[in-house]
**Q** 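Can you keep this structure in mind? I'll have questions shortly.
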Amino acid sequence: MTPAGASLLDRLAAIEGKGLAAIGEAADSAALESARVEYLGRNGQLADIMSLIGTVEPRARRDVGQRANAVKTVLRDALEARAGSLESATAGPRARIDLTLPARGRWVGGVHPVTRVIDEICEIFAELGFTSVLGPEIESTWYNFTALNIPLDHPAADMMDTFYLEKDVVLRTHTSPVQARVMEAFRPPVRVVVPGLAYRRDSFDPSHAPAFEQIEGLAVDEGVDFVEFRAAIEHFVHHFFGPGTKSRFRPSFYPFTEPSAEVDVSCTVCAGGSCSTCKRTGWITIMGSGMVDPAVFEAVGYDSERYTGYAFGMGPARIAMVRHGIPDMRLLYEGEMSFLQQFA
Amino acid sequence: MNISFNWIDELAGLRGELRDPRVLAERVTMTAAAVEKIETVGAGLDGIVVSRVLETRPHPNADRLTLCKVDRGAGEALDVVCGAPVIATGGFYPHVAPGGELPGGFRIESRKIRGESSHGMLCSEAELELGRDKGGILRLADGLEPGTPLAAALGLPDTRLALDLNPNRVDLACHLGVAREVGGPPAPRDFGVPAWSAEWRDGESEVSGAGVTVRIEDLGRCSRYMAAVIRGVRVGPSPPWLAGRLLAVGARPISNVVDATNYVLHECNQPLHAFDLARLSGAEIRVRPAEAGEPLTTLDGQEHKLTRGQTVIADRDRAIALAGVMGGLDTEVTEDTVDLLIECASFDPAGVRRTRTGAGLSTDASYRFERGIDVHAQERALARCVELILATAGGEADVVGIRVGPAPTPVPPIDVRVSRVNQVLGFGLDGAAVRAALEPIGFETLSVPDGGDGASGAGDLLRVSVPGWRTDVAREIDLVEEVARRVGYDAAAGQDRRFRPSAVPADPRVEKAARVRELLTGRGLLEARSLSFMPEDYRGNRAVVSVPNPLSAEESCLRSAMVPVLLRRLEHNYARGNRNVRLFELGTVFGYAAGPGRKEDAAGIDRFEESGRVGAVVAGARRPDHWSGPGLDFDLWDLKEIAGSFADRLCGATLEPRDGAGAAAAEGRGASLAGPWLSRGGFRAVKDGRTVGVAGAVDGASVDAPPWAAPAFALEFDLAAVEGRPVPAYRKTSPFPAVRRDLSMTVPRGVPAADIERAAREATSDLLRDVRLFDVYSGEEIEGGRLGLAWTFRFRAPDRTLTDQDVEAEMSALSIALEKRFGARIRRS
């Protein structure tokens, strides 16, 4: 070790000894503060040593540095301990903090329960190769109805149920028009989920809203059949509702799917048909679905003999209601803090 | 749609486990239509028997009560006081004896009513829980044996299945339809009268016969009108088996004639109507458009003023029925009716829809016409109705049957490929399996056109006939669905397939929204979701796009900005006593593509513009209350942090004061980010010269706030400005210590702190790593017109420990620059 290094080590030992003594002898906080400035201050003794470390031969630099840091820690601890004892001495005999007092809180933010449902659905379908896409809320009657094999004189296209902005312009009544948009823009394999708002002229009541979230799914490729459709939906059901959840497919009707199926899952609340969530049937309907109708493929210019596919639609708000036991859909849209905070 | 279990059993001869109504319901749900509800009809009727009223006289002490002597088949006649308006002497009614109970559990005892003894009670449908009719006592057909248990007479108890039909399966709205799905070919009840073999008289648009004339004036509205005439009927209560069937499906027994039409409707789906022939002026039936303003009172007593779009049945002089919807009151069958004209027609679905919506009605008949009836089975349906009336009301049917309109064209057969069935379903079926699925429900394999043997599965192509009641089946894919349904959707369970991932790229907006949520929830905000509607003018926020058919004035427009919508949520929280509110929402705002005005040359959806936005509002405590001391409320600087982080971290934008130069120009586009709800001042986020976000204090006039509310702050950003998540490049961190220098100065008021910081950075080298303002002060020790600012500067080198000389050189350059540029006076300590 070079003389410079050795001498610095000696000086550090001296600083440690004298510093500890000064701290121990400090009778009040002013004395303690001046000891701190003397030894640990920005221009104190320890800082001096630190500034000289650069002059030490590289091989010894490490030892000196480590030693300096050790001294610093020792002095700092002693300072803290002394400060504590001075304080408790002035505060009287053993004034201890009540550790059962509440912590200092912070606001916890969070996403909406319906968003959470949408995100989870998208994530589960992502495992099956689905990408998430979006579409416009103001939609033409062509995409909203005609391309989906819904004639404009069909009851579903009725003024009673649809918000028309103009003769051929509506607020989309479902997210399904994005099916047609995606197929027009891309060739198979198509696997997409489409979250978004849809609009219907339903009055705002415990189970309806005139604007509501929907999530659409579409898979089109060669060789996509009902068997794959069912397997994909079962994968989703097991991952979203839990591995023990049963699902069943039963006949349904949509103009843009055939065969069409309604998908029920075993009631997650009562597991036996005894609660109001499942209307005592033991089953909760979670989606409308089916094999894409060839007429839809023809409308978007796909070869319906070559490609087959399946499509489905779900209401995340309803699923959130079932999941959390929320009795009234309107609660979801009130933006009340104490409601939203529960799901954060 | 209500279906009687007993009726299905009678038609289908249910066997095995299907004899359990719950099993049957499950089968129907899984293969045809969801059974929503299963309920028992006619339970608890044990003590109730058929009784005969021997004599009646008015109650001496009460106007509305009648004293009856009732024979309930058990010895002496009983005195019963009855409150119903009409009780026929000699009529048959249900009676519950003293000590007996009504189905609801109500116990009946002998008692005095206004001084007269009453032993038991004559019951209405409602009291027996068989229907809703409370008005009168349930009149039973004459000739029953007093004392017969009521339930047995009515064929009760029964189980009622409420079906939620899919719109394409109207054939399941009748018992024959459901019976086909669960059994073999159904066998309808034998009414015990000779078949009515009509001599049909046909005509394109008009036929006279059987003493009447029938004319269709618009074949587009009514493609076929058949009629039968029956003379000399005795209108009265239906036999109990018929009344029981109707009660079981929730229909109200009215009279033998009307009940017969309803029975046939529920049996085979054909709506029928019986007119009192004597009341048809000119003995004439005309199917024609209603005249504008033409009056008609329907059976339910409603008076209508009709329009040209509606279709009526008229006689020579006036409208007598709403075509396909409901009969008229004037020509209704009553107790006095002797001669009948029975209508069996086929009305255009869209026309029936217009007719019924115009009248505000929806009936069993209109439901079926709108969805399509079996036009090939109309003769059979009319004959069933005639035979049932003859069996229950007597009379004589005219042998001439009337048929106006062209005969229905045969249903074309459909070719179905077994390979196509398997392509869509993946069930691996052969031709025999496909046939086995289709044939029990009325589809027949006519031939195997490609010469193969369909029965053994060798041929791919099957030519299949479609039964008339399946108006929904017209394409090969429709048959594929039939096969899937009949084989069972469960055939596909438990198998996996390989798949290719999507070729469609993910929409970047999804990830952007996730980044926004992460940033704002990390700052303690909660995500709200609200409807996209707003009133036309909400607190100075004028909506741009209005909804022509809104639900209410409150929802008459689409929102043009997020913050006003969030301010309503703020008010909602105030109303609930919540002072601390931190909300954000991601959503769409709506406008016109070419600014606030209408762009006339753009068409359809291109005229509209929708854009993604995020809005946020905060008010109240910055942190939850704590016992250690009073907390602070959110202020402008908290908002600046949120908006600044948003601008910087998510958009790559710069936050600057909003009232700066060029603000108006930068904000003037499309649906605006800012509006009168933000106070003057505040911030805007600028990116590439464009305003992409605004933030500031909420204008007091924009919120209805209680006195205890704290100031509110809001921001709104354009989601399009949010960038994808950048991939940060690593920058080496320095292992050498930083040197800190504090500097106090006074500057003339009005010099922006940001300018000072920028100048300090410009005046120094890249050794300056951090600039922080830690105090702003004014007061006595500061000369007038000046402001004190205290800064901390941190210097650090990547490769060495800085010396005092290094730092002093930097500080001196910095001080000189600030003195020169802003007239700063450095305070030396």
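In this text the structure is predicted, and so the values were computed from the model without any measurement. We name chains A, B, ... by the order of the sequence lines, and we start the count at 1 in each one. The figures here come from the full heavy-atom set of this structure, side chains too, leaving out hydrogens, waters and symmetry mates.
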**Q** Answer whether the closest heavy-atom distance between the side chains of B:V504 and A:R191 falls below 4.5 Å.
**A** no

**Q** Can you tell me which of B:R169, B:R498, B:R582 forms the most heavy-atom pairs within a distance under 4.5 Å of chain A?
**A** B:R582

**Q** Side chain, backbone, both or neither: which part of A:L218 has a non-hydrogen atom closer than 4.5 Å to chain B?
**A** neither

**Q** Report which part of B:R623 has an atom under 4.5 Å of a heavy atom belonging to chain A: side chain, backbone, both, or neither.
**A** both

**Q** Starting from the C-alpha separation in whole Å, work towards a yes-or-no answer on side-chain hydrogen bond (donor to acceptor under 3.5 Å, both in side chains) for A:S338 and B:R576.
**A** CA-CA 10 Å; A:S338 50; B:R576 297 290 178 90; over 6 Å; no

**Q** Between A:F204 and B:F533, is the gap from one ring center to the other below 6.0 Å?
**A** no

**Q** Looking at B:A621, B:P737, B:P508, B:G587, which one has more heavy-atom pairs under 4.5 Å with chain A than the rest?
**A** B:A621

**Q** Which atoms of B:E554 are under 4.5 Å from chain A, going by heavy atoms: the side chain, the backbone, both sets, or neither?
**A** neither

**Q** By a 4.5 Å heavy-atom criterion (distance strictly below it), what part of A:R104 contacts chain B: side chain, backbone, both, or neither?
**A** both

**Q** Does B:R475 come within less than 4.0 Å of A:D293, counting only side-chain N to carboxylate O?
**A** yes

**Q** Considering non-hydrogen atoms only, spot the tightest contact between A:L128 and B:F499 and give its length.
**A** O-CE1, 3.0 Å

**Q** Under 4.5 Å from any heavy atom of chain A, what part of B:Q423 do you find: side chain, backbone, both or neither?
**A** both

**Q** Between B:V480, B:T801, B:T31, which shows the greatest number of heavy-atom pairs under 4.5 Å with chain A?
**A** B:T31

